[in-house]
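Down below is the structure, laid out as structure tokens.
Treat the numbers as computed from the prediction; the structure is a model and nothing was measured. Order of the sequence lines fixes the chain letters, A, B, ..., with proteins taken first and strands second; residue numbering starts at 1 for each chain.
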There are 2 protein chains.
Amino acid sequence: MSSTRILILGVLLDGPLHGYEVRRRLELMGTHHWANLAYGSIYHGLGKMADEGLLDRVEEGKGGKTVYGLTDIGRAEFMRGLLGHWWEIKPIVDPFQVALTFMDRLSQAELTSAMEARAAQLRFSVEMVTRAMGGKQAYGAPPHIDECLRLNILQLRAQLTWVEEAVGRVRKGELP
Amino acid sequence: MSSTRILILGVLLDGPLHGYEVRRRLELMGTHHWANLAYGSIYHGLGKMADEGLLDRVEEGKGGKTVYGLTDIGRAEFMRGLLGHWWEIKPIVDPFQVALTFMDRLSQAELTSAMEARAAQLRFSVEMVTRAMGGKQAYGAPPHIDECLRLNILQLRAQLTWVEEAVGRVRKGELP
DNA sequence: GACGACATATACAAATTTGAGTACAAACTT
DNA sequence: AAGTTTGTACTCAAATTTGTATATGTCGTC
């Protein structure tokens with residue numbers, strides 16, 4: 001089961017919604033930080049899953065608006081897919097690894113300036129997310145949402161650690 | 001420029017290849033660990049980029065075999081795309097964050113067993129990659145390839161740190 | 001009460017991805 | 001030498017993703 005589907009099914013758990021509302025709930029959850037879900041994909045997913053019986057077209061709308069609700073099959077499939085995501089370690093798709101793979105094709109000057117820029121951006125991101133966490137606490141969001149941010153910060157710091165260490169070695173000529 | 005394209009152009013930098021050889025070079029580089037590149041996409045990418053002038057069909061083959069080589073435009077586009085990947089921090093697409101977002105939909109028992117399994121798998125992965133690094137050193141691979149692994153290990157450790165800490169809090173009932 | 005700015009809500013064509021399917025040659029088995 | 005596995009090399013239809021285009025309501029303001 002694709003992440004797209006899990007996300008759509010997940011926001012429908014608490015009641016039927018139409019496409020636009022699904023998109024907004026996902027945005028509230030901050031999915032754009034760690035997923036790449038285009039609007040069009042939501043409508044496609046809703047339609048497809050309705051055809052497959054995971055969803056019901058609860059209310060065919062005046063003006064094209066359609067409200068979708070979970071069926072029992074859909075609820076079961078969500079659980080199956082969710083457990084799958086917990087148990088399987090799937091490779092994280094990281095576009096930066098692509099950059100890294102070809103670092104030897106850049107000049108030392110290009111490399112060090114890109115790396116420094118990257119370090120700065122990462123430090124900025126860490127600070128932003130840290131603040132977001134403080135903010136949400138007060139805002140009444142469930143505590144497990146903070147875990148997403150906490151994990152995010154750890155990952156960003158891991159990247160930062162790498163860049164800071166690597167830029168030093170590039171300067172010394174040990175890399176690439 | 002998509003990661004798919006960068007990867008294909010990247011392996012063609014050192015000389016023309018046919019589709020199957022591109023796929024093998026990518027596999028040697030370990031792209032399957034951090035990218036999701038289906039075989040079909042390689043052939044599609046090659047054909048499309050040839051139509052767009054980034055590649056040349058160097059040798060139309062007997063038996064459908066076609067060898068592609070970089071054009072000057074392709075080489076320039078590769079550089080442009082590579083720099084883009086260095087300068088832009090794109091969100092890492094992490095399917096586990098999907099799992100995390102809906103952690104409150106699982107029972108404590110489901111959660112703790114999934115988390116423990118995950119911790120074990122992560123520890124195993126860290127060890128595997130660590131060994132792979134030691135092995136490659138002797139094998140004569142360029143030093144910057146190790147950097148991919150080094151970053152990988154840091155990211156895995158970040159995930160492990162999170163799981164180990166979170167499973168404790170789930171047990172204490174602080175989560176979700 | 002008309003106008004523009006903005007939010008709501010979806011549709012759609014084009015591009016890309018997916019992975020099973022095909023085909024054929026080389027190496028190995030019995 | 002006939003059969004079987006393995007490796008090479010690509011094709012293709014189906015599914016999915018992407019991003020832009022479109023349509024419609026709503027709110028203030030002049």
Would you please confirm or rule out a distance under 4.0 Å between OP1 or OP2 of [N] and any side-chain N or O of [X]?
X	N	answer
K48(A)	dT16(D)	yes
T4(A)	dT17(D)	yes
H18(A)	dT10(C)	yes

Rounded distance in Å - [atom1] ([X]) to [atom2] ([N]):
X	N	atom1	atom2	result
L7(A)	dT16(D)	CG	P	15 Å
Y20(B)	dT6(D)	OH	P	14 Å
L28(B)	dT8(D)	CG	P	11 Å
H44(B)	dA14(D)	NE2	P	17 Å
L46(B)	dC10(D)	CG	C1'	11 Å
M1(B)	dA15(C)	CE	C1'	16 Å

Q) For the residue pair W86(A) and A114(B), what are the closest heavy atoms and their distance? A)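 So the minimum-distance heavy-atom pair works out to CB-CB, 3.9 Å.
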From dT8(C), dT10(C), dT8(D), nucleotide with atom closest to R24(B) side chain |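 Looking only at heavy atoms from C-beta outward on R24(B), the closest nucleotide is dT8(D).
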Of Y39(B) and E52(B), the one whose closest DNA chain C nucleotide lies more 5':
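The answer here is E52(B).
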Using a 4.0 Å heavy-atom cut-off across all strands, classify G19(B) as base, sugar-phosphate, or nothing.
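Here G19(B) touches the backbone only, sparing every base.
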- request: Using a heavy-atom cut-off of under 4.0 Å over every strand shown, decide if R23(A) touches base, sugar-phosphate, or nothing.
  value: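 Since no nucleic acid heavy atom lies under 4.0 Å of R23(A), the category is nothing.
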Position toward the 5' end of DNA chain D (nearest nucleotide), G40(B) or S2(A)
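Its nearest nucleotide lies further toward 5', so the answer is G40(B).
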**Request:** Kindly compute the distance separating CG (L83(B)) from CD1 (I6(B)), expressed to the nearest 0.5 Å.
**Result:**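 So the CG of L83(B) and the CD1 of I6(B) are separated by 9.0 Å.
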